Amino acid sequence: MIANSSPAHFTAEEYLEWELQQDVRYEYIEGEVVAMTGGTIPHNDVALNVYRALYPHVRSRGCRTNVADVKVQVTPTVYFYADLVISCDERDCNAIKLIRYPKLIVEVLSPSTEADDRGRKFSYYRSLETLQEYVLIDSEQMNVECFRRGEGKLWLYTPYTTGEIISWESIEYSCAIEQIYEDVQLTLQLTQEIENIDLPN
């Protein structure tokens, strides 16, 4: 979830101190402060389903899972809020303010955030040496995209859709895509179904 840029420019240290006193969350990109918006109910439902699916599995492996309100320090001058982040690095075990060594990051897409999640955010996330997998989940239709670190600068792309099994290779876990979308109202898919209904003459 992303929103409106603030005209204020801070150093990273000023941002971290200032944000603690704010009522809403702000990301920080090399001096630019960006306010976060609230997401839709489907966005929230998808994120919760992902958390419920992955948490028991990674907890048993000594990893931690955090959602929404936890900052990821990408560089000393870039801080993002991911929809879900998993770290299996012992340096993050007792983290209180920041996650620095994520293994898996999940962003739930919405029309207002998709371009940034695919573009600028992914560009920065790729610089994280511990990151093995970046997952984009559509909140309007059943569509999941996984980007996995390959050799060198190569990232491997695997899309998933209705009826398929998602493989979360970085944490050695698989689940049906339908589990991620359980009880989620998919607005785009519903609209398409309505448009395809044959009305009586």
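The model shown is predicted, which means the values in this text are computed figures rather than measured ones.
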Hey, quick one: are Val108 and Leu48 part of the same hydrophobic cluster, counting side-chain heavy atoms closer than 4.5 Å, chains of contacts allowed?
no

Any heavy-atom pair between the side chains of Thr65 and Leu84 that's under 4.5 Å?
yes

With a 4.5 Å limit on heavy-atom distance, are the side chains of Trp168 and Leu54 in contact?
yes

Kindly state whether the ring of Phe122 and the ring of Phe147 have centres lying under 6.0 angstrom apart.
yes

Specify the closest pair of heavy atoms between Asp116 and Arg120, including all atoms of both residues, with the distance to one decimal.
OD1-NE, 3.1 Å

Glu27/Lys121 salt bridge by N-O under 4.0 Å criterion:
yes

Heavy-atom side-chain proximity of Ile86 to Pro102 below 4.5 angstrom
no

Tell me which pairs pass salt bridge (Lys or Arg N to Asp or Glu O under 4.0 Å) where either residue lies in residues 49-69, with sequence neighbours left out.
Arg25-Asp69, Arg61-Glu172

CD of Gln21: more than 12 outside heavy atoms within 6.0 angstrom?
yes

Can you hop from Val33 to Leu20 via hydrophobic side chains spaced under 4.5 Å?
no

Can Glu107 and Arg118 be counted as an ion pair, charged N to O under 4.0 angstrom?
no

Aromatic contact, Trp18 with Tyr26 (centres under 6.0 Å)
yes

Less than 6.0 angstrom from the centroid, inside 45 degrees of the normal: does Lys71 satisfy that with respect to the ring of Phe80?
no

Under the salt bridge (charged side-chain N to carboxylate O under 4.0 Å, His left out) test, residues paired with Glu178 that sit two or more places apart
none

So which atom in Ala53 and which in Gln179 form the shortest heavy-atom distance, rounded to 0.1 Å?
CB-NE2, 3.6 Å

Are side-chain heavy atoms of Ser167 and Tyr160 found at a separation under 4.5 Å?
yes

Do Tyr101 and Leu128 touch side chain to side chain, with heavy atoms closer than 4.5 Å?
no

Contact check, side chains of Asn49 and Val184, non-hydrogen atoms, under 4.5 Å:
yes

Got a sec: does the CD1 of Ile165 have more than 12 other heavy atoms crowding it under 6.0 Å?
yes

